[in-house]
Amino acid sequence: MARRTPAPPSGWATAGEALSGLQAIRLAANTPRLARTRRGTGRPVVLVPGLGASDTSLLPLRRFLRDRGHHARSAGLGRIHGDIGTQAAELLARVQSLGSDRRDSVALVGWSLGGVLSRVVARERPDLVRRIVTFGTPVAGGPAHTAFGRRFSDTELHEIDRVIEERRGRPIETPITAIWSRRDGVVAQAACIDEHSPNVEHVEVSSTHLGMGIDPDVWAVIADRLSRT
């Protein structure tokens, strides 16, 4: 079967990821605006990092959400790797435990592959997940959409496509906010557009992929959407 996935980000876009650190300047400059975002009501939120990253990568965002009144917690999965089945099961256990402790459903915030894991959990247990927010997440297709696609053989890519098609037979009913950027040098912008979930909202920002974790626009969207549920 011919691969249907679009090309990964261009070399120029990937090289632009080197400027991701500049987002820290924008974050500092937008502190007053972020301080005016809607406050949460103490409901539980789990933040899930991206491929190769640990919970430390989302520590600034987690602290911000706590300051804005959310019961924000780490995923506790260690470093994120490519075994989606194993880590999705671990994330589900984390959601079940936190939800039981708080007697409430959990919101999931996932960066890149962390968003994929969040979607797997919501698809399996929609009763436990009240909302998903993803940023820089390849929701359509697999690694062929990303700068890492060249590491996989055509056979592997085709098998991933097959699994993804099977999953689409079970739509995600949980409300989703999918944040994406034209400047993303890791995940193709077309891969971040969810055309299959019935309750999805797309929000464009101007960040690089690696800069999304400290992008003030991303933070503002996340805080606003979490405060609605």
Side-chain angles (χ1 to χ4, degrees), residues 17 19-80 91 94-95 97-99 101-102 104-119 121-122 129-137 174-181 183-184 186-187 192 201-229:
E17 293 292 327
L19 301 175
S20 297
L22 296 177
Q23 293 289 37
I25 300 174
R26 292 190 62 239
L27 183 62
N30 280 268
T31 299
R33 175 169 70 101
L34 292 172
R36 296 192 297 270
T37 54
R38 296 173 57 172
R39 291 191 59 83
T41 57
R43 302 191 71 183
V45 180
V46 172
L47 280 67
V48 192
L51 180 65
S54 68
D55 290 321
T56 303
S57 65
L58 289 171
L59 179 58
L61 175 58
R62 193 161 67 247
R63 286 175 172 169
F64 164 70
L65 291 176
R66 286 177 180 173
D67 287 343
R68 300 310 298 158
H70 302 279
H71 188 75
R73 292 294 181 264
S74 61
L77 305 179
R79 196 166 296 278
I80 302 300
L91 179 59
R94 172 67 163 148
V95 168
S97 176
L98 182 58
D101 289 344
R102 303 290 293 184
D104 198 358
S105 56
V106 176
L108 293 173
V109 177
W111 187 0
S112 196
L113 188 60
V116 174
L117 295 172
S118 299
R119 289 168 59 90
V121 170
V129 181
R130 69 177 185 275
R131 176 176 286 275
I132 307 169
V133 182
T134 66
F135 50 103
T137 291
T174 304
I176 302 170
T177 298
I179 303 172
W180 65 283
S181 172
R183 292 182 60 205
D184 195 321
V186 175
V187 178
C192 298
E201 166 201 30
H202 297 97
V203 180
E204 182 179 0
V205 296
S206 60
S207 176
T208 60
H209 185 86
L210 298 179
M212 286 185 181
I214 54 172
D215 181 85
D217 297 330
V218 172
W219 284 23
V221 171
I222 292 173
D224 177 77
R225 300 318 187 266
L226 292 180
S227 69
R228 297 182 182 183
T229 54

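Index from 1, following the sequence.
- With sequence neighbours excluded, the residues forming a side chain to side chain contact (heavy atoms under 4.5 Å, CB included) with Leu117 are Val48, Leu77, Ile80, Ile84, Gln87, Ala88, Leu91, listed by chain and number.
- Of the possible donor and acceptor atoms, one in the side chain of Arg79 sits under 3.5 Å from a partner among the backbone N and O of Gly52.
- For the atom pair Thr229 OG1 and Arg130 CZ, the distance stands at 4.5 Å (nearest 0.5 Å).
- One distance of note links CD1 of Ile222 with CG of Leu47; it measures 7.0 Å at 0.5 Å rounding.
- Considering only residues two or more places apart in sequence or on other chains, Ser57 meets the side chain to side chain contact (heavy atoms under 4.5 Å, CB included) condition with Pro49, Ala53, Trp111.
- Within the structure, side-chain hydrogen bond (donor to acceptor under 3.5 Å, both in side chains) contacts touching residues 40-53 (residues at least two apart or in different chains) are Arg43-Asp104, Arg43-Ser105.
- What you find for Arg183 and Ser207 is that their closest heavy atoms are CB-O, 3.6 Å.
- When the side chain to side chain donor-acceptor pair (under 3.5 Å) test is applied to Ser112, the partners found at least two apart in sequence or on another chain are His209.
- Ser181 approaches Met212 most closely through the heavy-atom pair CB-CE, 3.7 Å.
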side-chain contact (heavy atoms from CB on, under 4.5 Å) between Arg66 and Arg73, worked out: CA-CA 9 Å; Arg66 286 177 180 173; Arg73 292 294 181 264; 3.2 Å; yes
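- With sequence neighbours excluded, the residues forming a salt bridge (Lys or Arg N to Asp or Glu O under 4.0 Å) with Asp217 are Arg26, Arg33, listed by chain and number.
- Residue pairs meeting the ring pair (Phe, Tyr, Trp, His ring centres under 6.0 Å) criterion with at least one member in residues 30-62: none, sequence neighbours excluded.
- In this structure a side-chain-to-backbone donor-acceptor pair under 3.5 Å is missing from Arg131 to Pro175.
- In this view, Asp67 satisfies the side chain to side chain donor-acceptor pair (under 3.5 Å) rule with no residue, not counting sequence neighbours.
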Practice item. Evaluate the criterion side-chain contact (heavy atoms from CB on, under 4.5 Å) for residue pair Thr137 and Val116; output intermediate values, then yes/no. Key: CA-CA 7 Å; Thr137 291; Val116 174; 3.8 Å; yes
Between Val203 and Phe135, does the side-chain contact (heavy atoms from CB on, under 4.5 Å) criterion hold? Intermediate values first, please.
CA-CA 9 Å; Val203 180; Phe135 50 103; over 6 Å; no
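- Listed by first and then second residue, the ring pair (Phe, Tyr, Trp, His ring centres under 6.0 Å) pairs involving residues 27-65 are Phe64-Trp219 (not counting sequence neighbours).
- Between the CZ atom in Arg39 and the OG atom in Ser227 there is a gap of 10.5 Å [rounded to 0.5 Å].
- Interatomic distance, Asn30 CG to Asp215 CG, rounded to the nearest 0.5 Å: 8.5 Å.
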Exercise for review: Start with the C-alpha gap between Leu51 and Val186, add the side-chain angles, then the distance that decides, and say whether side-chain contact (heavy atoms from CB on, under 4.5 Å) holds.
Suggested key: CA-CA 11 Å; Leu51 180 65; Val186 175; over 6 Å; no
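- Residues meeting the side chain to side chain donor-acceptor pair (under 3.5 Å) test with Thr134, sequence neighbours left out: none.
- In this structure, the side chain to side chain contact (heavy atoms under 4.5 Å, CB included) partners of Thr174, at least two apart in sequence or on a different chain, are Ala122, Pro126, Val129, Ile132, Ile172.
- Residues passing the side chain to side chain donor-acceptor pair (under 3.5 Å) test with Arg68, sequence neighbours excluded: Thr37.
- Partners of Ser74 according to the side chain to side chain contact (heavy atoms under 4.5 Å, CB included) rule, which considers only residues two or more places apart in sequence or in another chain, are Asp55, Arg62, Arg94.
- In this structure, Val109 and Leu226 have side chains that are in contact, with non-hydrogen atoms separated by less than 4.5 Å.
- Using a distance-only test at 3.5 Å, with no hydrogens or angles considered, no donor-acceptor pair links the side chain of Ser20 to the main chain of Thr208.
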